[in-house]
Amino acid sequence: MSHASILQKIRDIRPLHQAHARVIVSNLSENVFLCNRLMNAYASCGLVSKSQIIFSQIPSKNLVSWTIFLSGLKKNDRFFEVAEVFNEMMVLKIRPNDITIATVLPAFGKLGRVLLGKSVHCYWIKRNFGGNVFVETGLVDMYSKFGCMRIARNVFDNMTVRNVVSWNAIISGYSNNGYGGEALQMFRWMKRNGLSGDIFTAMSLISLEDFRLGIEIHSLVVRSGYENDPLIRTALMGSYINGNFVDDAYRIFKGITKKDLVAWTLMLKGFSKSGNWRRTLEHFKKMMGEDKIALDYVSLITMLSGCSCFGALEQGRGMHGLVLKTGFQDDLFVGSAVIDMYANCASMIDAKKYFGGMVEKDVVCWNTLISGYGMIGRGNEAIDTFLKMKSSGVSPDESTLVSVLCACSHAGLVEQGLRIFDQMTKVWHLIPSLKHYACVVDLLGRSGRINDAYSLTKRMHLQPGLEIYSSLLTACKIHRNFELGDEISQKLVELNPNDAGHYILLSNMYALAGNWDCARMSRVSLKSNNLKKNPGLSSMEINGEMFTFMASQIDHPHYLEIRDFLQGLILKIKAAGYEPDTNSVLLDVSDDVKRDILFHHSEKLAIAFGLMKTKPGSVVRITKNLRICDDCHIASKFVSKVYARVLIIKDANRFHVFRDGICSCRDWW
DNA sequence: TTAGGGTTAG
């Protein structure tokens, strides 16, 4: 057999090294044809560096050498280098052919290199002699990854030849971009064209989370013989987790004989998404212990983001340690997850320290740090960080503006926020989105300029949506503007009749206005629509263990000791001047009942438990899933003074740091 | 030429 045909078949490293040695011994190491085959074989074994060395030593590279080198990089997920090498080709005026183009398009899609992708598309149109199903499918896939579904569809519609891969590209494109209906329509159209779909089609359809498709997908999976395919199973798990059916996902997980990293990581997300931190931790320990799974950057990010959501600082520090141990400290994604974890655990010193130690910082890292300062009410430091970011040469993006505006809003820096908004839109030519407008409405509304906020929503070039009206309604509630509040609430309910939050806000507002009939009516419509209010939960981590408290939860394992402690606590803070704010109880009941409800708020249970179980003088950290109520806010200030403790409470919006009778939010929230 | 898990802002 010739050297060439041997090389084509080799897919193992050892025989490949032997064959390579023979090529060298036979004095053939300058033969382009053989070198190309060698490069291909090395890349297929995952040894891109070898392939790179051979490529650099070929004296007269041809187009095939370049294409094989690019394809090796792509096969090994080295997309950034694909773009670099392709650019080099362009500089050297080497003209790519159809195969080269079909090779690089997916890399451009994954990298989000829109301009580069479009210019290659133009080049291909100019020199095209007819259709090419590989290039066209690559284009459909690339534009789908860019989120440009119109262009993707246009390319797809103009294809003269389509295979199952082309159909999969357009179906997954629609599915990944949130167009479930269109994905389904294309699937039906594909079937009418005589194609039944394969495992890729099934994966895209599974991720649609449309359970009505169940039987159809199931039969497709069975027919294609992939019923037990681990990929199909993990896709199903993901779908269940997105739909909040964690136990169903876990059932599938248990049935997988060889569980890989993706399956393990998915369950981490599932447990933490369902609010079960204890189970998340148990799962993680199992994953690290008995199954000895090596962590990668995605699994690290998943755990870090869990610690961040639950405010689990001790566990978070442990994860930080694992980041260093596994060598991911220079990864940008992991970096922003670490910064976010520290920021969400109210430890800005650690967040800033990690940020400072990063070799390279991208826009997400900066944004994370800015919003971290924002959440804790350190608005000036957020603005300062924003200015440093600009002078360091990193361009702000849409999220930067959201982070800065939020920070200004939390700190009451109205003029500064408005100035930055003005500058970003006029000088940086950033087109404001609904989110930006929602931030500005929030900024104006909180400071009492409700009319300015309202007229902005009428002036802007976009149709106001849920976000804008929610911000307005919150402002109406804070500043007791019941008339406008009523008008806005009606709009919110019309826009989304299934959101319990709007009914609650409306009911609370009527209650504040003393209009108990309307308040009751709003709660009745909540019930008649079968909607449930999210229960208020406060949680805290003590010695790495998470404790969760729900309002009036008398069956809590620590209830009796908490109740006794709480009685003493109330007496002590009352002696210091605390008066229960019964207005915070938006129910039409007697003052005695109101006080009883107030004293059993989840925050107060958590505070009592925290004071009992932690060392005197140490910081008590609590995370609440909803906004902290007025009375708990007042009580926390007294507790911080009377017990000489720092209380850090994170609510749905921001942090409140109570120290010596004062809150860091300066009662601005 | 198509594939499952991931970071910021509300």
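In what follows, chains carry the letters A, B, and so on, assigned in the order in which the sequence lines appear, proteins first and then strands, with residues in each chain numbered from 1. The shown structure was predicted, so the numbers you read here are calculated from the model rather than taken from an experiment. Just so you know, these numbers use all the heavy atoms, side chains as well, and skip hydrogens, waters and symmetry mates.
Picking from B/dA9, B/dT1, B/dG5 the nucleotide with the shortest atom distance to the side chain of A/Ser399 gives B/dA9. Comparing atom distances between the A/Ser305 side chain and each of B/dT2, B/dA3, B/dT7 picks out B/dT7 as nearest. For A/Asp141, whose side chain is taken as the heavy atoms from C-beta onward, the closest listed nucleotide among B/dG5, B/dT2, B/dA9 is B/dT2. Each of B/dT2, B/dG5, B/dT7 was ranked by its minimum atom distance to the side chain of A/Val298; first place goes to B/dG5. Counting only heavy atoms from C-beta on, A/Asn367 has its side chain closest to B/dT8 among B/dG4, B/dA3, B/dT8. Counting only heavy atoms from C-beta on, A/Ser403 has its side chain closest to B/dA9 among B/dA9, B/dT7, B/dT2. If you check B/dT2, B/dA9, B/dG6 against the side chain of A/Thr302, the one that comes closest is B/dG6. The listed nucleotides are B/dG5, B/dT8, B/dT2; the one nearest the side chain of A/Asp340 is B/dT8.
Donor-acceptor pairing under 3.5 Å, judged by distance alone, is absent between the side chain of A/Thr368 and the base of B/dT8. Judged by distance alone, with hydrogens and angles left aside, A/Asp260 brings no side-chain donor or acceptor close enough to the base of B/dG5 to form a pair under 3.5 Å. Side-chain to base pairing of A/Asp296 with B/dG6: no donor and acceptor N or O lie closer than 3.5 Å to each other.
Aromatic ring pairs are classed by plane angle as parallel below 30°, tilted from 30° to 60° and perpendicular above 60°; the pair A/Tyr297 and A/Phe328 is tilted.
The six-membered or imidazole ring of A/His320 lies near that of A/Tyr354, with a centre-to-centre distance under 6.0 Å. In this structure, the ring of A/Trp366 has its center less than 6.0 angstrom from the ring center of A/Phe355. Aromatic ring centres of A/Tyr143 and A/His121: separated by under 6.0 Å. A distance below 6.0 Å separates the ring centres of A/Phe108 and A/Phe86.
When heavy atoms are screened at a 4.0 angstrom cut-off, A/Leu266 is found touching the sugar-phosphate backbone but no base atom. Contacts of A/Asp397 with the nucleic acid, taken as non-hydrogen atoms under 4.0 Å apart, are absent. Residue contacts for A/Lys435: at a heavy-atom cut-off of 4.0 Å it reaches a base atom on one of the strands shown. Here A/Ser371 lies in heavy-atom contact (under 4.0 Å) with sugar-phosphate atoms only. In this structure, A/Leu261 reaches the bases: a heavy-atom distance under 4.0 Å links it to at least one base atom across the strands shown. In this structure, A/Ala169 reaches neither bases nor backbone, as no heavy-atom distance under 4.0 Å exists between it and the strands shown.
For A/Lys74 and B/dT1, the shortest distance from a side-chain N or O to OP1 or OP2 is below 4.0 Å. In terms of phosphate contacts, A/Lys145 brings no side-chain nitrogen or oxygen within less than 4.0 Å of OP1 or OP2 of B/dT1.
When the P atom of B/dA9 is taken as reference, atom CE of A/Met424 falls 16 Å away, rounded to whole Å. As rounded to whole Å, 13 Å separates atom P of B/dG4 from atom CG of A/Leu205. The separation between A/Trp264 atom CH2 and B/dG6 atom P is 18 Å, rounded to whole Å. Atom CZ of A/Phe271 is separated from atom C1' of B/dG5 by 15 Å (rounded to the nearest Å). As a whole-Å value, the separation of A/Leu462 CG from B/dG10 C1' is 16 Å. The distance from atom CZ of A/Phe108 to atom P of B/dT2 is 13 Å, rounded to the nearest whole Å. As a whole-Å value, the separation of A/Met267 CE from B/dG4 P is 19 Å. As a whole-Å value, the separation of A/Lys273 NZ from B/dG5 C1' is 13 Å.
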In sequence, state the C-alpha distance, the side-chain angles, and the governing distance for A/Met460 and A/Ile468, and then conclude on side chain to side chain contact (heavy atoms under 4.5 Å, CB included).
CA-CA 11 Å; A/Met460 62 189 200; A/Ile468 303 271; 3.8 Å; yes

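Ring-base stacking between A/Phe333 and B/dT7 is satisfied, the centre separation being under 5.5 Å and the plane angle under 30°.
A cation-pi arrangement is absent between A/Lys74 and A/Phe79, since the terminal nitrogen or guanidinium carbon is not both under 6.0 Å from the aromatic centre and inside a 45° cone about the axis.
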